[in-house]
Amino acid sequence: MKRFPRIVAAAGAALSVLLLLRAGPSAGGPDGKKLFTDKTCVVCHSIGGPSIGPGPELTQVTLHRDPAWLRAWLTDPQKIRKGTIMPKPAWKSPEEMEAVIQYLESVKRPVPAADSANGERLFADFNCGACHAIHGKGGKPQFPDLVNESKLHSPEFLDHWLADPSAVRPGTFMAKFPLTPTQRRALVTYIVSLAKK
C-alpha cells in the first residue's frame, strides 16, 4: 500500500509532462506557429480561413497527409511535385520542421461522425475546398473544379478515385483521404449532384 502514493505521483508527473507537450513548444524549443509566419508560409497559405496566396488553406492538411509525407514535402517540394511553385524552406534545424508539422497537427478539426452520410458536410469537414473550387468559387486554379469533374466522370470512377487516387493515376498529387465507404459514397453523391446545379 505504501507504493500506491508513489504510483499516483508518478502517473501525475507523466500526465503533467504530456499536457505540457500538447500545450505548445517546450522551453527553448521552436514554436511552430511562430515559424509558420517567420518562414513566410503565410504568404501562400493560411490557417482557419481562405488563403489569399497560391497555396491551399492548411487547417485540415494533416487529415490529408501523414507526417512522413509532410517531412518529405517540407524538405524538398520539387522531389514530390516537379515544377511546383512551393519553395524549399530554409530550416535551421530538423526541430524547426517538426515544430511546424506539430503546429499543423494541432489546428486540425475532427470530422463529426454524424456527417458521414452528408457529402456536402464532408466536403467542408475535410476542407476539400482548400484545393477544389465549385462553380469557380474557392479552391486554387492548379486543381480541378469539381463541377467539371462531376461532368467528366462516372460515379464509379469517382468512387475508385476517392478510394485510392494513386491506384487510378500513378503520380497524382491528390492525397488518399481516410474515408469510410459510407463517407466515400456520400462524397460521390455530392460531387455527382454538382453537375445538375
Side-chain angles (χ1 to χ4, degrees), residues 15 17-113 115-116 121-134 137-144 146 162 164-166 171-180 183-184 187:
L15 181 60
V17 169
L18 181 61
L19 290 172
L20 283 170
L21 287 172
R22 288 186 60 94
S26 58
D31 181 335
K33 184 176 182 179
K34 185 174 184 303
L35 284 165
F36 191 79
T37 301
D38 292 349
K39 298 292 181 183
T40 66
C41 307
V42 293
V43 172
C44 294
H45 300 283
S46 67
I47 301 289
S51 65
I52 57 170
E57 197 274 345
L58 296 177
T59 302
Q60 298 294 69
V61 71
T62 59
L63 276 179
H64 314 165
R65 305 292 190 181
D66 64 25
W69 189 95
L70 289 170
R71 282 185 202 103
W73 178 253
L74 292 172
T75 298
D76 190 351
Q78 290 289 336
K79 278 190 175 178
I80 294 179
R81 189 174 195 191
K82 193 171 175 63
T84 182
I85 62 169
M86 169 83 176
K88 186 175 180 178
W91 305 111
K92 292 181 181 174
S93 69
E95 289 76 23
E96 283 193 341
M97 184 195 306
E98 291 303 319
V100 169
I101 292 171
Q102 287 173 14
Y103 168 59
L104 294 173
E105 178 66 31
S106 76
V107 299
K108 176 178 67 180
R109 298 183 309 261
V111 175
D115 292 354
S116 288
R121 285 189 189 158
L122 289 170
F123 182 86
D125 292 341
F126 281 98
N127 201 19
C128 304
C131 293
H132 296 288
I134 294 177
K137 293 181 181 176
K140 295 296 171 184
Q142 65 266 39
F143 303 109
L146 291 186
L162 290 175
D164 191 351
S166 291
T172 182
F173 192 68
M174 173 81 175
K176 182 178 179 179
F177 284 56
L179 298 168
T180 67
Q183 290 173 329
R184 203 170 63 242
L187 274 168

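Both backbone and side-chain heavy atoms feed into the values below; hydrogens, waters and symmetry mates do not.
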Are any side-chain N or O atoms of [X] and backbone N or O atoms of [Y], one a donor and one an acceptor, separated by less than 3.5 Å?
| X | Y | value |
| --- | --- | --- |
| H132 | P144 | yes |
| S46 | S51 | yes |
| E105 | P67 | no |
| W69 | H64 | no |
| H45 | E57 | no |

task = May I ask you to test the Q183-S116 pair for a side-chain heavy-atom distance under 4.5 Å?
result = yes
For [X] versus [Y], what's the shortest heavy-atom pair and its separation?
| X | Y | value |
| --- | --- | --- |
| A99 | L35 | CB-CD1, 4.1 Å |
| T59 | V107 | CG2-O, 3.4 Å |
| P165 | A175 | CG-O, 3.4 Å |
| A133 | G138 | CB-O, 3.2 Å |
| A90 | K39 | O-NZ, 2.6 Å |

Side-chain donor/acceptor pairs under 3.5 Å, residues 79-89, sequence neighbours excluded:
from, atom 1, to, atom 2, distance (Å)
T84, OG1, M86, N, 3.2

ask   = Does the pair D38/K34 count as a salt bridge with the N-to-O cut at 4.0 Å?
value = yes
Got a second to check how far [X]'s [atom1] is from [Y]'s [atom2], nearest 0.5 Å?
| X | Y | atom1 | atom2 | result |
| --- | --- | --- | --- | --- |
| L58 | C41 | CG | SG | 8.0 Å |
| F126 | L187 | CZ | CG | 7.5 Å |
| R109 | L63 | CZ | CG | 9.0 Å |
| D115 | D125 | CG | CG | 4.5 Å |
| L74 | M97 | CG | CE | 6.0 Å |
| N127 | L122 | CG | CG | 12.5 Å |

ask   = How about K33: does its NZ atom have over 12 heavy atoms from other parts shown lying under 6.0 Å from it?
value = no
inquiry  = Looking at K176, I'd like to know if its NZ atom is crowded, meaning that more than 12 non-hydrogen atoms belonging to other residues, nucleotides or ligands lie closer than 6.0 Å.
reply    = no
key: Audit row: I47, L104, side-chain contact (heavy atoms from CB on, under 4.5 Å) steps and yes/no   = CA-CA 9 Å; I47 301 289; L104 294 173; 3.8 Å; yes
request  = Quick one: list whatever passes ring pair (Phe, Tyr, Trp, His ring centres under 6.0 Å) with F123, sequence neighbours left out.
outcome  = Y190
task = Measure from NZ or CZ of R65 to the centre of the six-membered ring of F173, then state whether that distance is under 6.0 Å and the direction lies within 45° of the axis.
result = yes
Full working for side-chain contact (heavy atoms from CB on, under 4.5 Å) between F177 and L162 = CA-CA 7 Å; F177 284 56; L162 290 175; 6.0 Å; no
